[in-house]
2 protein chains.
Amino acid sequence: MPIFLPKEPLRDELLLTAVLYALSDEVRLGIVRQLAEGGEQPCGVFEVDRPKSSLSHHFRVLRESGVVTTRKDGKLLMNTLRRGDLNARFPGLLKAVLK
Amino acid sequence: MPIFLPKEPLRDELLLTAVLYALSDEVRLGIVRQLAEGGEQPCGVFEVDRPKSSLSHHFRVLRESGVVTTRKDGKLLMNTLRRGDLNARFPGLLKAVLK
DNA sequence: TAATTAGTTCGAATAAATTCGAACTATCGT
DNA sequence: ACGATAGTTCGAATTTATTCGAACTAATTA
């Protein structure tokens with residue numbers, strides 16, 4: 001079966017509780033901070049002390065909550081923080097969390 | 001055994017992930033919103049469709065994460081949102097979440 | 001003193017999240 | 001075509017959270 005990335009919620013489907021939950025984990029928060037700093041990056045560059053299947057799980061949570069968007073580029077999955085959507089729906093949240 | 005309220009973290013012991021986790025639940029977020037609106041209130045005034053033992057659990061999570069502080073007043077436990085501490089440690093977070 | 005009220009604590013059941021290895025898909029390079 | 005690389009998916013184990021009823025503590029009121 002082909003790889004299906006989870007469907008990412010549209011801007012107006014973002015749920016505050018889901019976003020807060022996604023950000024409430026150290027690993028995921030670390031990923032988000034690094035994306036905020038360095039812009040679009042593939043999954044592999046994140047140095048977390050966990051096997052890739054665990055990392056993949058955390059990316060899924062970030063995608064499904066709408067915190068991150070992922071596009072395919074060759075053999076890489078490139079991840080971007082959904083700044084615009086998050087700022088539109090929850091103004092100030094990202095800034096407060098990333099500070 | 002006497003009733004021991006969970007120890008509330010000091011301002012500089014607040015953890016962002018713990019706060020975000022506490023806020024990532026609809027019931028708890030509802031309590032926090034109502035405290036933000038109406039100021040100090042006892043546990044009993046919150047109309048959530050759950051038995052009081054469940055409510056008590058949610059208050060515990062809010063206290064242990066440092067979102068809420070509780071003082072005893074007669075037979076009531078009065079709860080207050082820890083605005084000052086939260087704003088000091090995570091500027092803008094509360095505003096963004098409560099909007 | 002007894003009854004009521006407010007809310008916690010306990011214990012056990014259920015539900016949900018996390019973790020990891022192994023197997024897999026897809027792409028790239030040789 | 002083959003091997004290596006990137007990352008997902010699956011399945012099962014473990015951990016953590018939630019839920020609730022019942023028993024409890026402490027304060028109030030009769």
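Note on naming: letters A, B, ... go to the chains in the order of the sequence lines (proteins, then strands), and numbering restarts at 1 for each one. For the numbers below, each heavy atom of this structure counts, side chains included, while hydrogens, waters and symmetry mates do not.
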Handout entry: Any donor-acceptor N/O pair, E8(B) side chain to T70(B) backbone, under 3.5 Å
Key = yes
Handout entry: Student check: side-chain heavy atoms of L55(A) and R50(A) closer than 4.5 Å
Key = no
Exercise for the section: Could you check which of dG7(D), dT8(C), dG21(C) has an atom nearest any side-chain atom of S53(A)? Expected result: dG21(C)
Handout entry: Validation row: R89(B), V19(B) side chains within 4.5 angstrom (heavy atoms)
Key = no
Exercise for the section: Report yes if a side-chain nitrogen or oxygen of S54(B) is closer than 4.0 Å to either non-bridging phosphate oxygen (OP1 or OP2) of dT19(D); otherwise report no. Expected result: no
Problem - DNA chain D-proximal residues of residues 15-51 of chain A, any heavy atom under 4.0 Å - result: P42(A), C43(A), G44(A)
Problem - Pairwise side chain to side chain donor-acceptor pair (under 3.5 Å) hits with a residue in residues 19-32 of chain A, at least two apart - result: E26(A)-T17(B), R28(A)-H58(A)
Problem - Nearest-Å distance for atom pair NZ/C1', residues K52(A) and dC24(C) - result: 10 Å
Practice task
Find out whether N79(B) and R63(B) are in side-chain contact, i.e. whether some heavy atom of one side chain is under 4.5 Å from a heavy atom of the other.
Solution key: yes
Exercise for the section: Please tell me if the side chains of L16(B) and L93(B) come closer than 4.5 Å, counting only heavy atoms from C-beta onward. Expected result: yes
Handout entry: Validation row: L81(A), V67(A) side chains within 4.5 angstrom (heavy atoms)
Key = yes
Handout entry: Side-chain touch R71(B)/T69(B), heavy atoms, less than 4.5 angstrom
Key = no
Fill in the blank from the handout: The correct set of residues in residues 57-77 of chain A placing a heavy atom under 4.0 Å from DNA chain C is H57(A), H58(A), K72(A), G74(A), K75(A)
